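Throughout, a chain's letter reflects where its sequence line sits, starting with A, and its residues are numbered from 1. These numbers come from a predicted model, not from an experiment.
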Amino acid sequence: MKSERLKRSFYTRSTLKVAKELLGKYIIRKVGNKKISGKIVETEAYIGPKDKASHAFLGKITPRNKAEYLIGGHIYIYLVYGMHWQLNITTYKAEKPECVLIRALDLKEASGPGKLCKYLKLDKSFYGEDLAKSKIIWLEDRGEKVRPSQIIATKRIGIDYAGPYWASKKWRFLLKAFKKIWPNT
DNA sequence: GTACAGATTGAG
DNA sequence: TCAATCTGTACT
């Protein structure tokens, strides 16, 4: 099987393009001598500082979100609701706070952002990890082509606080074939 | 120092 | 429908 690790140049392009192309790619997580992996089937784009739903809205930098400003290909992970980790991958250039939230893999054990991190055993120790270099987590292209007609774009989830303009942006992308995983879509 | 909301989930 | 659970941020 063809299996190629995604390079820096994949991540440093425009965020919406990366968000769509991440669909169908595989995430590989090495724990000891075991590998945990799955296909990415749902993503969301966050384009700070103009995006009110982004943690980096208006160029805000805090100890929590500073990894969002790293060059494309780094992990930005944080805790929400006091109990769930969210895995984000930074995109575009350094100092540009843009990222893609990885929401789901093609497994029912990882069918949501919080469950995905639990499945991949991710936590704050992965903050700022470089997916282009890391030996414990990276992404692979296994040669699966995803056609635009297989991608569904919808509104992002759980960001109504950002107001109707940003909340209505269709920056959530998912593979048609896996729509059935989510009861509320 | 205190108050409060949140890029969710799973149970009821 | 709603509680669990805790960090970052904006106050005093």
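With centres under 5.5 Å and a plane angle under 30° as the test, the ring of Y161(A) is not stacked against the base of dG6(B).
Ion pairing between a basic and an acidic side chain is recognised when a charged N comes within 4.0 Å of a carboxylate O; R142(A) and E140(A) show such pairing.
Candidate nucleotides dT7(C), dT5(C), dA7(B) were compared by shortest atom distance to the side chain of M83(A), and dT5(C) ranks first.
Residue R103(A) has a polar side-chain atom (N or O) positioned under 4.0 Å from OP1 or OP2 of dT8(B). Within the structure, a side-chain polar atom (N or O) of K124(A) is placed less than 4.0 Å from OP1 or OP2 of dG8(C). The side chain of K115(A) places an N or O atom within less than 4.0 Å of a non-bridging phosphate oxygen (OP1 or OP2) of dG10(B).
Nucleotide dA7(B) has no partner under the Watson-Crick or G-U criteria, as no pair reaches both atom distances under 3.5 Å. Under the Watson-Crick and G-U wobble criteria, each requiring two contacts below 3.5 Å, nucleotide dT5(C) is left unpaired.
One interatomic measurement links the two molecules: NE2 of H55(A) to P of dA10(C), which rounds to 13 Å at whole-angstrom precision. At whole-Å resolution of the value, NE2 in H84(A) and P in dC6(C) are 11 Å apart. Between W85(A) atom CH2 and dA4(C) atom C1' there is a gap of 16 Å when expressed in whole angstrom units. Atom-to-atom, CG of L79(A) to C1' of dT7(C) comes out at 7 Å; the value is rounded to the nearest Å.
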